[in-house]
Amino acid sequence: MNQEEIKQEIRRLARERDALLLAHNYQRDEIQEVADITGDSLGLSMEAARTEHRVIVFCGVHFMAESAAILAPDKLVLIPRLDAGCPMADMVTVQGLQAMKTRHPGVPVVTYVNSSAAVKAESDICCTSANAVKVVNSLDAQEVILVPDRNLGRYIAAQTDKICHIWEGYCPTHERLLVADVERALAEHPGALFLAHPECPPEVLQKAHHICSTSGMYDYVSTSPAQTFIVGTEAGILYRLRRDNPDKEFILPTARLICPNMKLTSLEDLLHCLQTLSPEVTVPAEVGARARVTLERMLAVPRD
Ligand code: 13P
Ligand code: SF4
């Protein structure tokens, strides 16, 4: 089968299986093209929570499919590549978090969704890059523990009056973006705006005209009068930015902004997943029930 035939077969099988195809904004272009819904971590979690489809196929990384399985425990949740993980999510363990909680007794834990179900279960509330400051400010506490992303943690700390105890995890992909890359891109494109994801290091965020989640970038460019944007996040975001804004220019400041895990899923993997209805992502019931509370608390915090 050629690529077009595979895409048609994926769409046919999705209908036959009553499957909803979700794709993160960093997925390969052809996966985003064939998906029912593309979005950021928060948007896709919300879609998983409300879908009436029997099957959810999550094209993304493992923690995202796990969140879908937690929020939709009666659905069959599949991930085309079980080996698509998130190194940042692996940087915090339940034991490590318990030790931090012991050092800060009674302080609520705000956990970035880039984390395992077990770590979410050990937390008070989740956040994503789209709602992190709102989630922290919604808490009736003077101090918070923020895990696992130190860059998102520092970004939040700069925008809240609360004392923040920050875990030292990071995203290896966003960590590769250097101030020099941004300065070079801005010098080469006078008048361009630099958009950055809060997972970028603090010195890179200082250069940003606007800091937001991946879906926040789509919203921002659609209303901005600017013509050229330097995009400080993973390369997969360029596909829809360019498709939906053909008169605007989008520049990736370095070719190093590639998340290898997000790029694992191919059309062939997705086809195989729909043919075999595997691999399935499951969460033990007790862990899932506790993690669900933390995700639902987050979803209850109003969006803009
Ligand atoms: P978003 O929540 O902005 O989609 O980001 C998820 C992610 O993994 C960023 O690296
Ligand atoms: Fe994880 Fe970074 Fe990849 Fe996002 S871009 S999935 S945080 S490794």
Side-chain angles (χ1 to χ4, degrees), residues 22-28 31-32 35 37-48 58-68 71 79-92 110-116 119-120 126-135 146-153 155-156 167-177 195-201 204-205 208 210-221 231-241 252 254-265 295 298-299 301 303-304:
L22 301 179
H24 187 265
N25 294 326
Y26 295 161
Q27 288 288 288
R28 296 184 192 190
I31 296 289
Q32 295 192 46
I37 300 171
T38 47
D40 64 2
S41 306
L42 179 59
L44 295 177
S45 296
M46 291 165 77
E47 295 294 346
F58 212 120
C59 301
V61 292
H62 192 264
F63 76 81
M64 297 179 175
E66 225 179 27
S67 292
L71 288 167
I79 187 167
R81 288 291 294 251
L82 205 47
D83 54 344
C86 169
M88 185 205 305
D90 296 338
M91 288 180 193
V92 56
V110 181
T111 294
Y112 192 30
V113 287
N114 296 41
S115 55
S116 68
V119 165
K120 288 184 178 77
C126 287
C127 72
T128 75
S129 57
N131 61 14
V133 176
K134 278 200 165 153
V135 165
L146 303 175
V147 293
D149 184 7
R150 66 182 178 205
N151 294 335
L152 179 68
Y155 167 71
I156 296 168
W167 190 270
E168 280 294 319
Y170 61 91
C171 163
T173 298
H174 287 83
E175 200 79 2
R176 288 196 285 272
L177 177 57
L195 311 181
H197 193 280
E199 288 178 15
C200 294
V204 170
L205 292 183
H210 187 62
I211 300 169
C212 56
S213 77
T214 54
S215 286
M217 292 188 187
Y218 298 112
D219 298 341
Y220 187 82
V221 306
V231 184
T233 196
E234 210 273 346
I237 192 147
L238 294 173
Y239 167 65
R240 274 201 301 135
L241 281 175
L252 203 64
T254 166
R256 296 186 301 276
L257 277 168
I258 305 270
C259 172
N261 288 286
M262 281 286 183
K263 295 295 176 271
L264 282 176
T265 308
L295 280 167
M298 171 187 82
L299 294 176
V301 174
R303 281 191 107 174
D304 287 328

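None of these values were measured; they are calculated from a predicted model. Just so it is clear, the values below take in all heavy atoms, side chains as well, and ignore hydrogens, waters and symmetry mates. All ligand and atom numbering here is 1-based and tracks the order in the structure.
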S.K.: If you draw a 6.0 Å radius around OH in Y218, do more than 12 non-hydrogen atoms from other residues or ligands fall strictly inside?
M.R.: yes
S.K.: Considering only heavy atoms of E199, which atoms of ligand 2 have at least one such atom less than 4.0 Å away?
M.R.: 2 (Fe), 7 (S)
S.K.: Tell me which part of T233 gets within contact of ligand 1: side chain, backbone, both or neither, using heavy atoms under 4.0 Å.
M.R.: neither
S.K.: Considering heavy atoms of the protein only, find what lies nearest to atom 1 (Fe) of ligand 2 and give residue, atom and distance to 0.1 Å.
M.R.: C86 SG, 2.4 Å
S.K.: Can you sort out which atoms of ligand 2 are near P87, meaning under 4.0 Å from one of its heavy atoms?
M.R.: 8 (S)
S.K.: Can you check whether H24 has an N/O within less than 3.5 Å of an N/O in ligand 1?
M.R.: yes
S.K.: Name the closest protein heavy atom to atom 2 (Fe) of ligand 2, giving the residue it belongs to and the distance to 0.1 Å.
M.R.: C171 SG, 2.3 Å
S.K.: Determine, using heavy atoms of N261 and all atoms of ligand 2, whether some pair is separated by less than 4.0 Å.
M.R.: no
S.K.: Using non-hydrogen atoms of the residue, decide whether H197 is closer than 4.0 angstrom to ligand 1.
M.R.: yes
S.K.: For ligand 1, is there an N or O atom under 3.5 Å from any N or O atom of S41?
M.R.: yes
S.K.: Tell me whether the rings of Y220 and H210 are parallel (<30°), tilted (30 to 60°) or perpendicular (>60°).
M.R.: parallel
S.K.: Locate the shortest heavy-atom distance separating A48 from A68; write the atom from each residue and the value.
M.R.: CB-CB, 3.6 Å
S.K.: I'd like to check which ligand 2 atoms, numbered from 1 as shown, lie under 4.0 Å from a non-hydrogen atom of C259.
M.R.: 3 (Fe), 5 (S), 8 (S)
